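Working notes, beginning with the structure itself.
Nothing here was measured: the structure is a model prediction, and the numbers come from that model. Letters A, B, ... mirror the listed sequences (proteins, then strands); counts begin at 1. Scope of the values below: all heavy atoms of this structure, side chains included, with no hydrogens, waters or symmetry mates.
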Amino acid sequence: MEFYDLAFPFKLGPLTYAAPEGLQLSPGALVLAELKKSVKRAVVLGKAGPVPGRVADLKEIKSAVPEGVVLGESLVRLLKWMSEYYLSPEGLVLKAMFGAGLFEKRKRKAARPKAAKPHQPLPVQEIEKSRLNEFLKPEGFGVHLLHAPSTAYERSFIRGAVSGQTGVIVLVPELSRIPIYEPFLREEFGERLCVLHGRLTGAQRADVYEKILSGGADIVLGTRLAVFAPFKRVSMLAVAEEESEHYKNEEYARYNARDVAIKRASVEGAKVLLTSICPGAESFANALRGKYRLLRPARKPIRVRLINSRKTPMKTPSISEGLHRGIMSALEKGAGAVIIANRLGHSVPVCEDCGHLEKCPSCGMAMVYHRPRRALRCAWCGHSKTAFEACPRCRGHNIKFLGSGLERFEDELKKLLPDTPVRTESAAREDGPSDARLVIGTKRAIPRKGRGEVLAAGVINPEGAFFHPDFRARERVFRELCYLADRLTEGGTLYIQTSEPALLKNLKTLDYESFIKAELAERKILGYPPFSKTGLIMVEGPIKKLELPALENVEILGPAMRLIKKGEKASVLMVKASSSKELKEAFPAILKGIKAEKITVDIDPV
DNA sequence: AGCACGCCGACT
DNA sequence: GTCGGCGTGCTC
């Protein structure tokens, strides 16, 4: 009698089953087996070790499923590695990989032909052959990091790298990037290309898997779950915008698809191309210490104007003359301008008579006035209350509005340029794209490239994000500036208007390498990643017990209240260790000391 | 006492 | 994911 360990796509570790006489199974095979009285699909992880308990109590595998071996040896290895690394049961990893349906084809209503999505053609850039060969030449496993001068270069490089290959996975951070990459891949690979992402229905997803398993498709473009595409052979994986936080799965197993891509490549003997106009600190550090090969094409310096709003003449309370001139000059040349302000709402109302300032009862943060709703809102936790007409303390009407949020900024800009059509973020959400050449909004409003020239891009007080309690805050600000600058047409200028120029000293030239080296030096001193490994423990509901062990080389910070999703708060503990082995080994002891309703573990949080 | 419903832990 | 166990609470 043979025994096998099976994984079911649920929060469940491997379970041991007996195989019926004459059924030979290899790892990765799909089978049917009874679980809790009902028959379910499961994946064979391998032959079982010593069977715990009585062999006679084990249930029998019902049958193998015709799809056969769906996972291949390397994907089974990847599954086991993820389970160990992310401290997540094998079943949950399996569910994260292929969904609870496990390749099952449900009957479905007549398939409607999907309409071809309109797309902008990819502006193709000349990529130096020699640079491309630096990536294409080396055989076998290896990670290459392209620090691209622009997103256009990044995309062209991926195009060149993928061309002529077989067994390729191209990962993009978001659904919205698929229409950018699909046209050129489709052009070259036709039906060999398939698109895979989380918004597909179960049946569509099963169709894609069928095409991949039958060998009909060998190029996949998709979001993070496409890293698990069940190819027999993968020769390369490309990860576009590799630093993106969207690669982090926030449910089931909390994996990072970029890191999983590298692991997958290492078990498959494939090569990896990480690309970004602003690589993440971890990846760049790996390149600096020779773990990754760094590809750095020449870049043109970006013209940046830093405007100190405390020292410069102001056109309105929140718009400096310099910024105003920049916008005007872009518009006069027939080009567009994009202005980003990340603070939502209008401003912070303060009573000039008694100095009263409304604070959030739970966070203590100043409440921000939101005019359309006539409400005061806490930017941190979302608590809101009706705005006051008179000062609640002294009844005075002498209210001063401090600071400039997006709403105020929109108002002032419209007043300054009464004849220019402006697309504001609030309007854009309702009306969709407009052809206004002046765009104002948070970073979400940054328009796609290719819709006319942009000669001025401005950002107001980007240092606001520094006050987030997060060691990555500065990196995020820098990245945002890089992506904003990327929208500029050649010859354009990036305007940074700030009231705290001292905080932006290292950022103002947008010199990535100097910035990231300084950042890495600081993280080294403070012991943050990549010089340590971190994991979060998120505790929802009241903590019933908290007894943290003292461990060598492991530091436990917190608990601190944190907003984990909109409106959902949790107590968060951060565990820091000097290596991922130490981190992994510390967790069981730490988790034993915590009792609460719901506890979630997140290794390598972003 | 008798049963409906909901939460929680276990599932080989 | 889903079954059964058990606790709460309402009803005959």
Rounded to the nearest angstrom, tell me the gap between atom [atom1] in [X] and atom [atom2] in [N].
| X | N | atom1 | atom2 | result |
| --- | --- | --- | --- | --- |
| A/Leu45 | B/dT12 | CG | P | 16 Å |
| A/Leu58 | B/dC11 | CG | C1' | 13 Å |
| A/Leu12 | B/dG9 | CG | C1' | 12 Å |
| A/Lys598 | B/dC8 | NZ | P | 12 Å |
| A/Glu34 | C/dG1 | CD | C1' | 15 Å |
| A/Lys40 | B/dT12 | NZ | P | 12 Å |
| A/Lys95 | C/dT2 | NZ | P | 10 Å |
| A/Leu94 | B/dC11 | CG | P | 19 Å |

If you count the non-hydrogen atoms of other residues, nucleotides and ligands that lie under 6.0 Å from [atom1] in [X], is the total more than 12?
| X | atom1 | value |
| --- | --- | --- |
| A/His246 | NE2 | no |
| A/Glu251 | CD | yes |
| A/Arg41 | CZ | yes |
| A/Glu60 | CD | yes |
| A/Lys545 | NZ | yes |
| A/Lys359 | NZ | no |

Exercise for the section: Applying side chain to side chain donor-acceptor pair (under 3.5 Å) between A/Thr275 and each of A/Glu154, A/Glu241, A/Glu242, report the one that passes. Expected result: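 Single side chain to side chain donor-acceptor pair (under 3.5 Å) partner of A/Thr275 among A/Glu154, A/Glu241, A/Glu242: A/Glu154.
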Base, sugar-phosphate, or nothing for [X], non-hydrogen atoms under 4.0 angstrom?
| X | result |
| --- | --- |
| A/Lys36 | base |
| A/Tyr17 | sugar-phosphate |
| A/Lys11 | base |

Exercise for the section: Would you please name every residue forming a side-chain contact (heavy atoms from CB on, under 4.5 Å) with A/Lys11, sequence neighbours left out? Expected result: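 If we apply the side-chain contact (heavy atoms from CB on, under 4.5 Å) test to A/Lys11, skipping adjacent residues, the hits are A/Pro89, A/Leu92.
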Practice task
Report the C-alpha distance between A/Tyr483 and A/Arg479 in whole Å, list the side-chain angles of each, state the deciding distance to 0.1 Å, and finish with yes or no for side-chain hydrogen bond (donor to acceptor under 3.5 Å, both in side chains).
Solution key: CA-CA 6 Å; A/Tyr483 277 92; A/Arg479 185 186 313 155; over 6 Å; no
Practice task
Among C/dG1, B/dT12, C/dT2, find the nucleotide with the atom closest to the side chain of A/Leu15.
Solution key: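 For the A/Leu15 side chain, the nearest candidate turns out to be B/dT12.
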Problem - Residues from residues 63-71 of chain A lying under 4.0 Å of DNA chain B - heavy atoms - result: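 Heavy-atom contacts with DNA chain B come from no residue of residues 63-71 of chain A; none.
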Practice task
Return the residues of residues 21-32 of chain A meeting this criterion: a heavy atom under 4.0 Å from some atom of DNA chain B. Order them by number, or give none.
Solution key: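 Hits under 4.0 Å, by residue number: none.
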Exercise for the section: Would you indicate, yes or no, if B/dT12 has its OP1 or OP2 atom less than 4.0 angstrom from a side-chain nitrogen or oxygen of A/Lys59? Expected result: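 So the side-chain polar atoms of A/Lys59 do come within 4.0 Å of the phosphate oxygens OP1 or OP2 of B/dT12, strictly under.
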